[in-house]
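Contents: one structure, followed by commentary.
Chain naming here is simple, since letters A, B, ... match the order of the sequence lines and numbering starts at 1 in each.
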Amino acid sequence: MTEFLTAALGFILAILAVGLVRILRGPGDADRMMAAQLIGTSGIAALLLLGTVSGVSAAVDVALTLALLAAFTSISFVKKGTSRFEADLPGSTEAG
Amino acid sequence: MTFASMSFALALEIVLAAVVLTGAVWTVASRETLPAVAGFVAYGLLLSLVWVRLGAPDVALTEAAIGSGLTGALLVGAAARLRSGEEQIVMERPGMVLRVLATMLSTTVAAALAASVLLLPDPAPTLAPAAAENAVATSLGNPVTNVLMAFRAMDTMLEKIVLLLALIGVWSLTPDRFWGGRPGPRHHADPQGVLAFVARVLPPVGIIVGIYILWTSADHPGGAFQGGTILAAMWLLVMMAGLADTPPVSERRPRLLLLAGPMVFLIVGLGGLAFGDAFLAYPMAYAKLLILTIEFAMILTIAVTLGLLVAGPPERECGS
Amino acid sequence: MSAAMVFGLCAAVAVGLGLYGVITNPQPLRKILAFNLLGSGVFLLFGVIARRGAAAGFGGDPIPQALVITGIVVAFSATALAIALLLRLFQATGSATLRADAPPGAGSDPSRP
Amino acid sequence: MSFALDIVTIAAVSAGAFFFLAGTVGLLRFPDTLTRLHALTKADNLGLGLMVLGLLPRTESLRDGIKLICVWVIVLLAGATVSQLIAYAARREGSRQ
């Protein structure tokens, strides 16, 4: 079982590396933000698998923290990264 | 453990290290700043995986919360503001000679470090048995909390004061006419929009998780910094969605909160001097109670300090 | 070759990369980033030493681990201060360059009415 | 019993990995921003969800199980928000060109 989960973990890390390449190449800001989101999600999945494989049950707490902080960071990434679209003007952040 | 599963685990570690270094290379090599920052955040996220693998979930929590999350938000904000000045600086790339010299220097340093890692003494020196032996004194089950709050409590207290000093340094960069005003821009968002929605739904969950991380730190990985960082992030999210404004730095309440943690720490420390053996010596019967009191005062102080550090110096007058 | 060894080498490379970035990158924000990279490499070395000292039923020596936690918080404070300084420089001169002979930019200083 | 749980783990984690793969391939190959966004959300919702489902039988206590599910719910919420914001930014970028 550990072997299977380790293999799954390696696979998720590969996905994460692809996400990294995507941010590197772009081309648009939107693609980069999507890639950042993919990295966050796959990072959390990798952390959960790693916790199970390594027998560190506190990894779930780390994943919880990471989920909250990744949410915060990607929201500020999207908001600040789109500031050239004047996202800070009243009512302009959402389509409504 | 069989040999096959050993090498399987080793392969995993090599893959993990390779992905971590990809993030690091790209943080340095990327031409644009915002992707470099995104790379750094990804690097921090992967680093917390490494910390879990190294058997240090306490550090993994700190890295996930502060090292990657909050630093990332800080850097993203700065990168977005500096964007207009970027083109000009890209022109002034360093010369060939400097780059070759820098490559040689950093390769030498990396090689020396690698050599010293390979030549580390065996068996490794460790203070773990000493930490386990003295754990009785505090009746806390988490050795890292023991070190931070009891054995090396002085470091932790001074670290809080460093945080406070950094905030004073940031505030002292305020332009004269905004002194005492509110930090950061006033964010506006559609109150019915998705950002306002998530800023209403996520913070209650975040507050519970933050307090849980503190509460569990007595016997499991966690602590006041990690919990406080989550609280700070939730506060910043609410401000980013325009549901609340940053407090003016001249207001009394946030200032009291900024001082609460270090003051409680100092009072307990001086109490140790008066009633116990030394500064910060906890009487054995009250050790756990005192440590938890300090940590609860700390989590509020840390949340407010970190939030205000990310918000930056005041740049508006109180009314605007 | 153990886990600690793999991550120890990884830490050495991270320190080298960070050092290279600090020296060669002209943008101050990128220097701050690279400096953080360098610092995280040093923290990782501490983690490797902690892992090698695993004993008494702990996954690692708790003393280096606690030192790293303190270090991460202090690094964050320093980063926040550095970024505030940089943004103030940008506000005051209109450019974020460290060159002394830089031409004054078109930025407006809000402290000047 | 434990054999059945192993099957659940293997099936759910494999399915989760498949959706991660699908999301990534979509992110790389789909023609425009909105379709790529559509592909990405599969990784968020189903990929991580199935992984969590697969790891549930491996948890040591009920508390860990609840925390696992919380992780998924938080990621769902954040993913939905970020996707909306990206889609909106992409639409404005498109209309300006």
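Neither the backbone nor the side chain of B:T107 comes within contact range of chain C; no heavy atoms are under 4.5 Å apart. For C:L45, the part lying near chain B is the side chain, with the backbone staying farther off; criterion is any non-hydrogen pair under 4.5 Å. Both the backbone and the side chain of C:A14 come within contact range of chain B, judged by heavy atoms closer than 4.5 Å. For B:V25, the parts sitting under 4.5 Å from any heavy atom of chain C are the backbone and the side chain alike. For a residue to count as touching a neighbouring chain, one of its non-hydrogen atoms must lie under 4.5 Å from one of that chain's; by this rule C:I63 touches chain B with backbone and side chain alike. Both the backbone and the side chain of C:L85 come within less than 4.5 Å of a heavy atom in chain B. Proximity to chain B (any heavy atom under 4.5 Å) is restricted, for C:L29, to the side chain, taken from C-beta onward. Both the backbone and the side chain of B:V170 come within contact range of chain C, judged by heavy atoms closer than 4.5 Å. Only the side chain of C:F7 comes within contact range of chain B, with heavy atoms under 4.5 Å apart.
The closest side-chain heavy-atom distance from B:L82 to C:L86 is below 4.5 Å. Put simply, the side chain of C:I69 reaches to within 4.5 Å of the side chain of B:Q226, judged on heavy atoms. For the pair C:I23/B:S106, no side-chain contact is recorded, criterion being any heavy-atom separation below 4.5 Å from C-beta on. Taking 4.5 Å as the limit, some side-chain heavy atom of C:F76 sits within range of a side-chain heavy atom of B:L309. Considering only heavy atoms from C-beta on, C:V68 comes within 4.5 Å of B:W51 through its side chain.
Residues C:V6 and B:E13 come closest through the heavy atom pair CG1-O, 3.9 Å. When all heavy atoms of C:G21 and B:V28 are compared, the closest pair comes out as CA-CG1, 3.8 Å. Considering every non-hydrogen atom in both B:A166 and C:S77, the closest pair reads CB-CB, 3.7 Å. In plain terms, the two heavy atoms of B:D155 and C:T70 that are nearest each other are O-CG2, 4.4 Å. Among all heavy-atom pairs drawn from B:Y43 and C:G41, the shortest one is OH-N, 4.4 Å. Closest approach of C:G16 to B:A110, counting heavy atoms only: CA-CB, 4.1 Å.
To the nearest 0.5 Å, the span separating OG1 on B:T33 from CG on C:L33 amounts to 8.0 Å. In this structure, B:L54 CG and C:L44 CG are separated by 6.5 Å, a value rounded to the nearest 0.5 Å. In this structure, B:L173 CG and C:L87 CG are separated by 9.5 Å, a value rounded to the nearest 0.5 Å. The line from CG of C:L19 to CG of B:L105 is 5.0 Å long, rounded to the nearest 0.5 Å.
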Fill in: Candidate pair B:T27 and C:N36, rule side chain to side chain contact (heavy atoms under 4.5 Å, CB included), full reasoning
CA-CA 11 Å; B:T27 303; C:N36 268 300; over 6 Å; no

Discussion item. Side chain to side chain contact (heavy atoms under 4.5 Å, CB included) for C:I72 and B:V59? Distances and angles first, verdict last.
Written reply: CA-CA 9 Å; C:I72 290 176; B:V59 188; 4.2 Å; yes

Fill in: Worked check of side chain to side chain contact (heavy atoms under 4.5 Å, CB included) between B:V50 and C:C10
CA-CA 10 Å; B:V50 172; C:C10 176; 5.9 Å; no

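Residue with the most contacts toward chain C among B:V162, B:L306, B:V109, B:L74: B:L74 (heavy-atom pairs, distance under 4.5 Å). Note on C:V74, C:T79, C:V15, C:V73: by heavy-atom pairs under 4.5 Å with chain B, the leading option is C:V73. With chain B as partner, the option from C:L81, C:L37, C:L67 having the largest number of non-hydrogen pairs under 4.5 angstrom is C:L37. Taking B:L70, B:L12, B:L98 one by one and counting their heavy-atom pairs under 4.5 Å with chain C, the maximum is reached by B:L70.
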